[in-house]
Amino acid sequence: EAGVVQSPRYKIIEKKQPVAFWCNPISGHNTLYWYLQNLGQGPELLIRYENEEAVDDSQLPKDRFSAERLKGVDSTLKIQPAELGDSAVYLCASSLGGGTGETQYFGPGTRLLVL
Amino acid sequence: GESVGLHLPTLSVQEGDNSIINCAYSNSASDYFIWYKQESGKGPQFIIDIRSNMDKRQGQRVTVLLNKTVKHLSLQIAATQPGDSAVYFCAEAITGGGNKLTFGTGTQLKVEL
């Protein structure tokens, strides 16, 4: 069974440019998460979806970040405009359901470098 | 100056020895705990989990111990192998909190041949 798929794997952009990341969760997983991971630190949740509904976006910097999961499957995370401090790894994860204890499976991440 | 975040605690062990990785969690209300393994260039991989009504849980070559009194979690890896080299993160969650994981500071495990 395929795991969580993310693309691109790497992205280099100049500051003030837009960038988008794509995630395809494990088939049948209703819950999708986007995390930010800075170098040497653990992942931090940005947003969580239950199907197509964003149920927790409290940590998403809404002035420049946006996300969507229109059909309740694939999801896109966008940054516009990107800043130097956005350089990090953006991880997508999915789980069968959203209850505590549902194992979250992570994709390989997109490594973003903002110059 | 250097960023504190770049300096992960490191544990070096000889191949075949047992490894113990420790984690202090922050929220006394947390009742679900997970250990993840992250290899370079990859996403975190689930290893084992434990709920607060238990103090020990065993998997294949791994054991997680939970001490709620001092808010401490440990991961024991038996007969450590080169493939165990990675960064290990503990994470905590609260039942009813929407499966929101709060990750701790990782520990770099290096297995020496």
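To find a chain, count down the sequence lines: A is the first, B the second, and so on, and within it residues start at 1.
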_Among A:Leu115, A:Asp86, A:Val114, side-chain contact (heavy atoms from CB on, under 4.5 Å) partner for A:Lys15_ = A:Val114
*Does a side-chain N-to-carboxylate-O contact under 4.0 Å join B:Asp84 and B:Arg61?*
yes
Got [X] and [Y] here, is their nearest side-chain heavy-atom distance under 4.5 Å?
X	Y	answer
B:Glu92	B:Asn27	yes
B:Leu113	B:Pro82	yes
A:Glu52	A:Lys71	no

Report which part of [X] has an atom under 4.5 Å of a heavy atom belonging to chain A: side chain, backbone, both, or neither.
X	answer
B:Tyr36	side chain
B:Gln38	side chain
B:Leu101	both

*What part of A:Gln37 lies closer than 4.5 angstrom to a heavy atom of chain B: side chain, backbone, both or neither?*
side chain
*asked:* At a 4.5 Å cut-off on heavy atoms, which part of A:Ser95 comes close to chain B: side chain, backbone, both, or neither?
replied: side chain
Hey, which of [options] has the most heavy atom pairs under 4.5 Å with chain A?
options	answer
B:Gly97, B:Ala93, B:Gly41, B:Gly104	B:Gly41
B:Asp49, B:Thr102, B:Asp31, B:Thr95	B:Thr95
B:Tyr32, B:Phe103, B:Phe33	B:Phe103

*Which one, A:Gln104, A:Glu102, A:Glu50, leads in non-hydrogen pairs under 4.5 Å with chain B?*
A:Gln104
*asked:* Can you tell me how far apart CZ (A:Arg48) and OG (A:Ser94) are? Round to the nearest 0.5 Å.
replied: 13.5 Å
*Over 12 non-hydrogen atoms of neighbours within 6.0 angstrom of CD in B:Gln14*: yes
